[in-house]
**Q** 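Take this structure, written in structure tokens, and hold onto it; I'll ask about it next.
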Protein chains: 2
Amino acid sequence: MNVRVDPHSLVPPSQQLVAAVLDAIAAGELAPGDKLPSVRGLAGEALVNPNTVIKAYRDLEHLGATEGRNGSGVYVTAAGPDVAKALRLAETLATFQQAAAAAVRAGHDEQVLRAAITQARGARELGQGEAGKQRSKA
Amino acid sequence: MNVRVDPHSLVPPSQQLVAAVLDAIAAGELAPGDKLPSVRGLAGEALVNPNTVIKAYRDLEHLGATEGRNGSGVYVTAAGPDVAKALRLAETLATFQQAAAAAVRAGHDEQVLRAAITQARGARELGQGEAGKQRSKA
DNA sequence: ACGACCGTCCTATCGGTCTAGGACGGTAGG
DNA sequence: CCTACCGTCCTAGACCGATAGGACGGTCGT
């Protein structure tokens, strides 16, 4: 799972962790019933405080994507993939609309923006292969 | 000028003010030599602290878009429009690329995204008329 | 000269977030 | 049973940005 956390970003580390976990669930990297990394383990890997991971896991539980079992671990719920995908669809569309409006307002040519989309799709198809490998290996 | 500041946003109020002023300069709403709103006036209008406006004005001066004259006011520099346009072009393209990549990764159809661009362009052409009126009136 | 307005600076405080470190009880495998 | 690991909670502190309020000197029209 992608656990890179940028401490200089405007979006707080805990939210970056939430997004990373949701991405992993939506991508099928974490399936329902799978156990998430331990609080201390993920904290060490992402170089953040365990309390920050706790907060992220609590947010994920409130979203219904995961459930924590005391003393055992945090697990992906059956509804996890649906929740993660729905959230990502809504969020990314909203931010994309804002970004598109801002870019158009700044004077960017529509053709340049379309090219950026095509480029993003191309870059995605390359990375998609790796994700599939990781899943089949798990 | 658009001085709406969202206190709940992740981007700090001072940066929102910077963006709003740059937008106004890039749109021609504020021409070189024009005086920006007073620190206290803008603070009252945007419902923020005068110190927050001071910080925004200082950032704008560092960018080279404005210059403050002690006791008189803050004025748009000759290079202001160029600076503002260049900044907006670079910033909006970067955020657009990120948003596009995220949207594609989330599974959005390329056609949906293209439609969002077209829609943004349509919305812009409507608002552009007002901006032109305001400028010709000034 | 005077008064209103201006930008600037200063100190103190508050709120949110992350960090630090320790403690508790539950779970599970040997 | 016992040990290791787990999630959870707590207190305390640091940090950053915005807020609050006051003070200073410069500018400009009258």
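All heavy atoms count here, side chains included; hydrogens, waters and symmetry mates do not. By convention in this document, chain letters (A, B, ...) are assigned in the order of the sequence lines, proteins followed by strands, and residues within each chain are numbered from 1.
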**Q** For A:L113 and A:V104: C-alpha separation, side-chain torsions, deciding distance, then whether side-chain contact (heavy atoms from CB on, under 4.5 Å) applies.
**A** CA-CA 9 Å; A:L113 304 183; A:V104 167; 4.0 Å; yes

**Q** Would you check if A:S38 and A:V53 make a side-chain contact, meaning some heavy-atom pair closer than 4.5 Å?
**A** no

**Q** Please evaluate residues A:Q16 and A:V48 with respect to the criterion side-chain contact (heavy atoms from CB on, under 4.5 Å), reporting the C-alpha separation (whole Å), side-chain torsions for both, the decisive distance (0.1 Å), and the verdict.
**A** CA-CA 11 Å; A:Q16 293 183 43; A:V48 297; over 6 Å; no

**Q** For DNA chain C, whose closest nucleotide is more 5', that of B:G73 or that of A:Q15?
**A**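 Result: B:G73.
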
**Q** Send over the distance from A:H8 NE2 to C:dC18 P, rounded to a whole Å.
**A** 15 Å

**Q** Round to the nearest Å and state the distance from A:K35 atom NZ to C:dG29 atom C1'.
**A**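 The answer, rounded to whole Å, is 12 Å.
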
**Q** It should be established whether A:S14 places a side-chain nitrogen or oxygen under 4.0 Å from OP1 or OP2 of nucleotide C:dT17.
**A** no

**Q** Specify the closest pair of heavy atoms between A:A102 and B:T92, including all atoms of both residues, with the distance to one decimal.
**A** O-CG2, 3.6 Å

**Q** What integer distance in Å separates B:E61:CD from C:dC6:C1'?
**A**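 Computing the B:E61:CD to C:dC6:C1' distance gives 14 Å.
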
**Q** Check for a donor-acceptor pair, side chain of B:R88 on one end and backbone N or O of A:R105 on the other, with a separation under 3.5 Å.
**A** yes

**Q** Could you go step by step and tell me if B:I117 and A:I117 meet the side-chain contact (heavy atoms from CB on, under 4.5 Å) rule?
**A** CA-CA 10 Å; B:I117 296 177; A:I117 296 178; 3.6 Å; yes

**Q** If you only use heavy atoms from C-beta on, which nucleotide in C:dA20, C:dT8, C:dC18 is closest to the side chain of B:V39?
**A**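 In terms of side-chain proximity for B:V39, the closest of C:dA20, C:dT8, C:dC18 is C:dT8.
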
**Q** Contacts to DNA chain C from residues 50-60 of chain A, heavy-atom cutoff under 4.0 Å, which residues?
**A** A:N51, A:T52, A:K55

**Q** If a pair satisfies side chain to side chain donor-acceptor pair (under 3.5 Å) and one of its residues is in residues 49-59 of chain A, list it, with sequence neighbours excluded.
**A**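 Non-adjacent pairs meeting side chain to side chain donor-acceptor pair (under 3.5 Å): A:N49-A:N51.
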
**Q** Nearest whole angstrom, please: distance from the P of D:dA12 to the CG of A:N49.
**A**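 One finds 17 Å between P of D:dA12 and CG of A:N49, rounded.
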
**Q** Send over the distance from A:Q16 CD to C:dT17 C1', rounded to a whole Å.
**A**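 About 13 Å, once rounded to whole Å.
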
**Q** Sort me out a list of protein N/O and nucleotides 26-30 of chain D N/O pairs below 3.5 Å, or just none if empty.
**A**
unit_1: D:dG26; atom_1: N2; unit_2: B:G71; atom_2: O; d: 3.0

**Q** Send over the distance from B:R40 CZ to D:dC24 C1', rounded to a whole Å.
**A**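 B:R40 atom CZ is separated from D:dC24 atom C1' by 11 Å.
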
**Q** For C:dC5, take OP1 and OP2 only and decide whether either is under 4.0 Å from a side-chain N or O of B:S38.
**A**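 For B:S38, the contact criterion (side-chain N or O under 4.0 Å from OP1 or OP2 of C:dC5) is not met.
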
**Q** Are there over 12 heavy-atom neighbours, none belonging to A:Q119, within less than 6.0 Å of that residue's CD?
**A**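 Open.
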
**Q** Check the pair B:L36, B:L42 against side-chain contact (heavy atoms from CB on, under 4.5 Å), reporting the backbone distance first and the verdict last.
**A** CA-CA 9 Å; B:L36 269 63; B:L42 183 55; over 6 Å; no

**Q** Which of the following nucleotides, C:dT19, C:dG7, D:dT19, is nearest to the side chain of A:V48?
**A**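 Between C:dT19, C:dG7, D:dT19, the one nearest the side chain of A:V48 would be C:dT19.
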
